[in-house]
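All remarks here apply to the structure that follows.
Keep in mind the model is a prediction, meaning the values are calculated, not measured. The chains referred to below are lettered A, B, ... by the order of the sequence lines, with proteins before strands, and numbering in each begins at 1.
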Amino acid sequence: MNHVIEQLVLSALHKAKNNGDLEIAEEPEIVIEKPKDPKLGDFSTNLAMTLARPERKNPRVIAEVICKYLKNGGGQVERVEMAGPGFINLKMTQSFFISRLLKVAESGDDFGCSTVGKGQKVLVEYVSANPTGPLHVGHGRGAAVGNTLCNILKKAGFDIKSEYYVNDVGNQMNILGRSTWLRYQEILHKTVEFPKDHYQGDYIKDIAQEIIDRHGEEYLKKSEDEALPFFRQYAAQWVLEGIKTDLKEFRVEFDGWFSEKTLYEDDSVDNALGWLREKGFVYEKDGAVWLKSSAFQDEKDRVIVKQNGDQTYFCSDIAYHQNKVNRGFESLVDLFGADHHGYVPRMQAVMQALGYDRDVFKALLVQFVSLKRGEEKVSMSTRSGEFVTLKEVVDEVGVDATRYFFLSKSSDSHLDFDLELAKKETPENPVFYIQYAHARICNVFLKAQNQGIAVPGVAEVDLTPLVEEEEFALIKNILAFPEMIEKSAQTKEVHRISHYLHDLVAKFHSYYNKHRVVTENQPLTLARLFLLHCLQITIRNGLTVMGISAPEKM
RNA sequence: GCGCCUGUAGCUCAGCUGGAUAGAGCAACGGACUUCUAAUCCGUAGGUCACAGGUUCGAAUCCUGUCAGGCGUACCA
C-alpha cells in the first residue's frame, strides 16, 4: 500500500519539477510512514526535510509546493497538509481503502505474498545440532526462528529450501558410541570407568537398554574395537530419530537432511581441497594444512587438516557449502548460535576462495537462551547431561506458546527463559491474546449464521457503511500486512510478525468492545462481517507463518 | 588485548537505514459482564532511552570514548 503512496508523491514531485517549482537534481528516496497521531492523517513523508539541503530552501516552503501538487491526486486523496517542521500529511478517501480491502478477501491464504524475492533460490540451513543428544531449549529457539524465516521468505517470493546438516562423523560420534558401549556393560553388571568427558545424560542408558532388549548380551563377549562400530551407528541413529520426532512435534520440517559423512564418501571434501590447492589458497605449516583465509578478510588463516591427518569440521564445511552452490542455490543462509559468530567471516572467506561473491553466504545469529527456574540458573551442556530438552518444555507449555515466546523477541538479543514463569504465565501468555481474537471472530460468524446471515462475497458486498474511526484503523492495519512481511524478509527479523499481530489484534479487541457486529442494521452487519473476514484472514496468515495454530474456539 | 551481541518503565521486551508527545505486555491501582466468548475492554500511575562528548534544523536511533553483562578469540564441533 505504501508503494501506491510513493508513486503518488513521486508524480507530484515530477510535476513540480516540470513547472520549475523545484530543481530535483537527483531523484530522492521517498519514505512513507504513518503519523504518530492518526488525527494528522493516514500517511506522512519527511520528503520536504530531506530535500531542504539539495534544494537550499526551507523545508516548510518545499512542503507547501509538494502539497499543492498532491492536492489533485486522482480523487484518492481527501486531504493533504503540511505540519510541524515540514512533514507532509495525507489523508486518503474511504474508497481508497475499501477497494484495497476487497483484494484482501480475494487473495485469501495468499494475502501477504509478494514477489520481492524474485524467485531467488535460497538454502536456509538451521538447527544442525550434533546428533549426540536430544535437542535442548536453545536449539528450539533456532528451530522456531529458522522455520519461521523460511515461511516469511517463501511468502516474500523467494524460492526456499531448508536443510539440516547432520555432523555424523568425527570424534563426538566415537564418544557417543563409546558412552553407549560403557553403559551397556554397566547395565549388564560389568564394572567400567565412565569418563567425565563422555555423555552423561540418561538417554544414553535408554539406548543401551534398548540394545540389550533387542540384542541381549552378545556384545559383551566382543572387544571394544569390534563392538564400537555397532554402538556408534546404533546410538547415532537413535538420537537422530529422536531429533526428527521432536522437531516434527515442534512443527519444524526440513526439505533435506544432509549427512556430513557423504561428503567424505563421494570425495567432495578431497575435491574441494584439491580445488583450493590448485588456486594456491592452501599451504602446509607445522605439519598441518591451512586455508589462506586471511587473504579474504578473515583475521587469520585456519587449519583444515590437522597434524594427525584428520580433517577439521571446518574442512567438510567448505565442501558442504560448495555443494550447496553447486546445487544451484544463489544465496546461502545459515542460522548460527551466537557462540559461532566467529565463523561468519571464515565462511565468507571460503565463498571468496571458492570463487563466489562473499555475500552469497549470509549468517543469521541467534543469541543464547539462558534457562532459569525462578532465580536459579540451569546449565545447558549436552555433555553434563543436565540440560532441559525442547521436548520437556513443549510438553509443559505447548508448541504454540513456546514458539511464540521464541519468535516474539529479536533474535540478536539474549533470551531469558524462565521455566517457572513460562509455566505460570501460560494462561496470560500474549499468544492467547492473538488466538482469542481469532476465536472471537469465528464466534461472531457463528452468531450471524444462526440468524441466517452469511459473510458476504467480494462481488456483492457494500462497504460504504463502514465509517467508524476504529474500522479504518483496522483496515489500515490489515493492509500493512504485506509490507510487514516484506520488511521482515529483507531484514530477516522474525519478531516483527508477533508484534504486528499483537498490535492488530489489540485494535480488534478494542473495536469489539465498542461496536457490535451483528445488529438489526443489515447493511452495516454485512459490511462489518466482511471486515472481520479480512481480519481473520490476516490473523490466520500471520499465525501460520509463525507456525502457531489459529483456533476457532477457546 | 581484539572481535561480535546486548544495556530503554519494577520485570520481560518493541522502537534503531535520524523526525512530530519514547511504546507494548506482565506486575500495581480504579472502573466495565441481563449484550457477538471478561483469556476482553476503558482509565491511573510508572522514563536522566547505561554514562560522557560529537555530527545538525532535529539523536533512543549515526560517530568517538567510557562503564556493565553475555559470547568468541582451538590443529573442539
Side-chain angles (χ1 to χ4, degrees), chain A residues 29 31 33 35-37 40 44-46 49-50 52-53 58-60 83-87 89 128-130 132 167 169-173 260 285-290 299-300 302-317 337-345 365-368 370 382 405 408-418 421 424-437 439-448 450-451 491 495-496 498-500 502-503 505-506 508-519 525 528-529 532 553-554:
Chain A
E29 193 192 345
V31 180
E33 35 192 23
K36 293 240 157 150
D37 186 349
L40 295 170
S44 82
T45 177
N46 62 352
M49 271 112 93
T50 59
R53 199 185 294 252
N58 186 320
R60 290 177 61 94
F87 287 103
N89 294 327
S128 296
N130 288 335
T132 54
N167 298 113
V169 287
N171 197 37
Q172 49 178 348
M173 289 286 100
E260 181 183 6
K285 195 184 99 185
D286 304 333
V289 181
W290 299 68
E299 56 181 324
K300 55 180 166 186
R302 307 289 172 180
V303 170
I304 45 184
V305 183
K306 301 185 224 173
Q307 254 177 4
N308 67 8
D310 285 353
Q311 273 111 336
T312 59
Y313 169 88
F314 179 53
C315 182
S316 54
D317 239 18
D339 53 338
H340 281 56
H341 72 255
Y343 233 73
V344 179
L365 294 173
V366 181
Q367 289 292 330
F368 256 41
S370 29
T382 307
F405 191 75
S408 56
K409 272 135 210 181
S410 160
S411 41
D412 52 24
S413 92
H414 301 236
L415 184 60
D416 281 338
F417 198 117
D418 187 332
L421 205 71
K424 202 168 60 189
E425 282 201 346
T426 300
E428 304 115 60
N429 194 305
V431 70
F432 299 111
Y433 184 74
I434 296 169
Q435 292 181 316
Y436 184 53
R440 261 187 160 174
I441 293 170
C442 293
N443 208 56
V444 174
F445 291 162
L446 215 61
K447 167 91 180 175
N450 288 339
Q451 299 187 13
T491 57
H495 68 280
R496 286 174 185 274
S498 67
H499 289 277
Y500 167 83
H502 192 277
D503 195 46
V505 151
F508 164 71
H509 283 308
S510 175
Y511 173 68
Y512 179 92
N513 272 276
K514 195 166 170 187
H515 302 285
R516 265 189 87 80
V517 176
V518 182
T519 60
T525 301
R528 286 182 171 174
L529 282 175
L532 257 58
K553 221 185 246 180
M554 283 177 80

Does A/K300 have a side-chain nitrogen or oxygen under 4.0 Å from the phosphate oxygens OP1 or OP2 of B/A74?
-> yes

Between B/C57 and A/R60, is there an OP1 or OP2 to side-chain N/O distance shorter than 4.0 Å?
-> no

Between A/S413 and A/L40, which has a closest nucleotide on RNA chain B that is more 5'?
-> A/S413

When you compare B/A14 with B/A50, how far apart are their P atoms, in angstrom units rounded to a whole number?
-> 14 Å

Is the ring of A/F87 stacked on the base of B/A20, with centres less than 5.5 Å apart and planes under 30° off?
-> yes

Integer-rounded Å distance: B/C5 P and A/Q367 CD | 9 Å

Whole-Å distance between B/U6 C1' and A/F368 CZ?
-> 14 Å

Between A/H502 and B/C13, does any side-chain N or O lie under 4.0 Å from OP1 or OP2?
-> no

Output yes when at least one side-chain N/O atom of A/K306 is less than 4.0 Å from OP1 or OP2 of B/A74, else no.
-> no

Using a cut-off of less than 4.0 Å, is there contact between a side-chain N or O of A/Y343 and OP1 or OP2 of B/G3?
-> no

Under 4.0 Å between any heavy atoms, over every strand shown, what does A/H341 touch: base, sugar-phosphate, or nothing? Just pick one.
-> base

Scanning all shown strands, the Watson-Crick or wobble mate of B/C62 with both distances under 3.5 Å is B/G54

Within less than 4.0 Å of OP1 or OP2 of B/C76, is there a side-chain N or O belonging to A/T312?
-> no

In terms of the nearest nucleotide of RNA chain B, which residue is placed more toward the 5' end: A/V169 or A/L365?
-> A/L365

When we call it a touch if two heavy atoms are under 4.0 Å apart, what does A/S410 touch: a base, just sugar-phosphate, or nothing?
-> sugar-phosphate

Using atom CD of A/E33 as one end and atom C1' of B/A20 as the other, report the distance to the nearest whole Å.
-> 10 Å

Parallel, tilted or perpendicular: which fits the ring planes of A/F417 and A/F405, with parallel below 30° and perpendicular above 60°?
-> perpendicular

Any side-chain heavy-atom pair of A/D310 and A/N171 under 4.5 Å = no

Does A/Y313 place a side-chain N or O at less than 4.0 Å from the phosphate oxygens OP1/OP2 of B/A77?
-> no

